[in-house]
Amino acid sequence: MDAAASNGGLLYHEVQEGKLCAVHCVNTALQGPFFSEFDLAALAADLDQRERLVMLEGSQSPGAANAAAGDFLTEGSHNVSLGGDFSIQVLQKALEVWDLQVIPLDSPAAGSSLFDPEQEVAFICHLQDHWFCIRKVNGEWYNFNSLYPAPEHLSKFYLSAFIDTLKGSGWSIFAVRGNFPKECPMATEGSNGFGQWLTPDDAQKITASCNQVQTPTHQVQSPLLGQQSEGMSEMDMIAAQQEEADLNAAIAASLMDAGGPFSSYHAAQESSKPQDAPSPVIEAASSKDSNQEEADKSEPSAPCEDTQEPASGSDTKTEVSSVEEKESAKED
């Protein structure tokens with residue numbers, strides 16, 4: 001099922017515009033701007049009309065089926081949400097225009113592709129309200145996720161591990177089979193305004209540049225990882241890189257939650273201090289005052305030993321008479 005070289009070896013990629021990921025997914029699977037959001041909306045409206053006709057016929061029968069059909073007819077579209085998310089039926093109809101089949105990867109029709117995805121040409125993946133495509137172009141696999149600025153190259157070994165990871169995370173994966181278009185006129189490049197043609201080298205440079213800007217911590221740790229990578233298998237390398245990315249994300253999240261790199265330290269210091277603890281000086285002064293107050297209460301008031309009491313009146317008269325006698329003796 002390998003696809004021949006197409007579009008002169010260029011890669012067609014669309015960057016996310018609004019909520020048009022389904023449009024980007026279909027176009028990157030076809031490797032060209034073949035569909036617009038209006039084309040998919042028209043397909044969704046046609047599917048809604050056909051479903052309503054079927055349910056209208058069912059509403060004419062009595063019983064519970066009639067009530068269920070009536071509820072279905074009063075509801076809105078089942079193929080496109082108000083936010084712009086299209087159903088798998090819409091993407092399937094769009095790809096059927098090019099005689100391509102969409103097969104769930106977990107169905108018996110997928111065969112051995114579940115265990116050997118390398119034999120396929122393209123996969124479309126869906127989770128909640130996001131679609132993206134994994135596509136083989138010129139013998140190499142790429143992740144054409146519209147949330148990325150450029151296609152991300154996937155090794156053949158990593159392809160299987162990547163798909164297993166997606167399945168484990170709840171993604172719905174569909175294999176796309178058939179005769180893919182070989183060429184897309186370059187004149188249609190600007191038809192939707194968000195498509196671009198890139199060489200594999202340009203795509204790799206854009207991806208590497210964005211990774212360096214978004215995860216600068218990898219620049220510091222990459223030499224260490226490079227030293228440890230000697231003698232490691234490719235599976236061990238992938239596991240080590242994923243563990244490093246998870247560790248950096250956990251560190252960044254913890255720092256953001258704590259409010260900064262030093263806030264946790266200050267918080268620990270504040271929590272270790274007793275609440276409203278008095279300073280040692282204040283505590284000593286208050287203790288001294290309390291002891292003084294207790295002593296004053298326990299001892300009766302008494303005159304101080306160092307205090308000189310004034311002389312009594314008799315002593316004063318004796319001293320005066322003694323002075324007069326000395327003076328009279330001097331005169332004699």
Side-chain angles (χ1 to χ4, degrees), residues 1-4 6 11-14 16 19-32 34-35 40 43-44 47 51 78-81 84-148 150-182 203 234-235 238-239 241-242:
M1 291 186 183
D2 199 356
S6 60
L11 306 174
Y12 179 77
H13 183 64
E14 294 186 359
Q16 184 76 17
K19 295 185 177 181
L20 302 181
C21 54
V23 179
H24 308 320
C25 179
V26 172
N27 285 337
T28 51
L30 297 173
Q31 279 299 283
F34 292 96
F35 288 91
L40 295 192
L43 292 174
L47 286 171
E51 291 173 357
H78 289 77
N79 292 286
V80 58
S81 67
D85 183 31
F86 292 93
S87 66
I88 178 59
Q89 288 78 12
V90 175
L91 276 71
Q92 185 175 359
K93 285 293 181 182
L95 294 171
E96 284 178 355
V97 174
W98 293 90
D99 295 328
L100 298 174
Q101 295 180 328
V102 177
I103 302 172
L105 194 58
D106 56 355
S107 68
S112 60
S113 296
L114 178 63
F115 311 102
D116 186 16
E118 168 64 20
Q119 59 183 307
E120 298 291 344
V121 177
F123 299 95
I124 57 176
C125 310
H126 180 258
L127 179 64
Q128 295 179 355
D129 58 349
H130 187 62
W131 289 96
F132 76 94
C133 171
I134 304 172
R135 175 73 146 84
K136 183 193 293 185
V137 180
N138 303 326
E140 297 293 332
W141 283 94
Y142 294 90
N143 179 2
F144 287 93
N145 195 327
S146 56
L147 298 178
Y148 296 168
E152 182 183 35
H153 180 263
L154 303 176
S155 67
K156 294 179 181 179
F157 172 81
Y158 185 68
L159 172 67
S160 179
F162 183 52
I163 290 180
D164 288 341
T165 301
L166 292 176
K167 290 188 300 183
S169 300
W171 287 79
S172 300
I173 305 176
F174 307 86
V176 183
R177 296 176 179 174
N179 296 321
F180 290 80
K182 295 294 187 296
E234 189 172 1
M235 175 63 79
I238 294 174
Q241 292 175 356
Q242 183 63 40

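Reckoned from all heavy atoms, side chains included, excluding hydrogens, waters and symmetry mates. Note that the coordinates shown come from a computational prediction; the quantities given were computed from them, not determined experimentally.
Among all heavy-atom pairs drawn from D129 and C21, the shortest one is O-SG, 3.5 Å. Closest of all the heavy-atom pairs between I103 and A109 is CG2-CB, 3.8 Å. Summarising the geometry of I173 relative to F123, their closest heavy-atom pair is CG2-CD2, 4.0 Å, with the distance given to 0.1 Å.
In terms of modelled atom types and a separation under 3.5 Å, the side chain of H24 and the main chain of V26 share no donor-acceptor contact. Side chain of W131 to backbone of F86: a donor-acceptor contact under 3.5 angstrom is found. Looking at K136, its side chain never comes within 3.5 Å of a backbone N or O of Q119 through a donor-acceptor pair. Using a distance-only test at 3.5 Å, with no hydrogens or angles considered, no donor-acceptor pair links the side chain of Q101 to the main chain of R177. Under a 3.5 Å cut-off, the side chain of R135 and the backbone N or O of A122 do not form any donor-acceptor pair. Although no hydrogens or angles enter the test, the distance criterion places a donor-acceptor pair under 3.5 Å between the side chain of T28 and the main chain of C25. Panel note: side chain S81, backbone D85; a donor-acceptor pair is recorded below 3.5 Å.
Classified by interplanar angle (parallel below 30°, tilted 30° to 60°, perpendicular above 60°), the ring pair W171/H130 is perpendicular. Classification of the F144-H13 ring pair by plane angle, with boundaries at 30° and 60°, yields tilted.
The neighbour count for D116 CG, taken as heavy atoms of other residues, nucleotides or ligands under 6.0 Å away, is above 12. Counted within 6.0 Å of NZ on K19, heavy atoms from surrounding residues, nucleotides or ligands total 12 or fewer; the atom is thus considered open.
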### Intermediate values then yes/no, ring pair (Phe, Tyr, Trp, His ring centres under 6.0 Å), W98 and F34
CA-CA 10 Å; W98 293 90; F34 292 96; 4.8 Å; yes

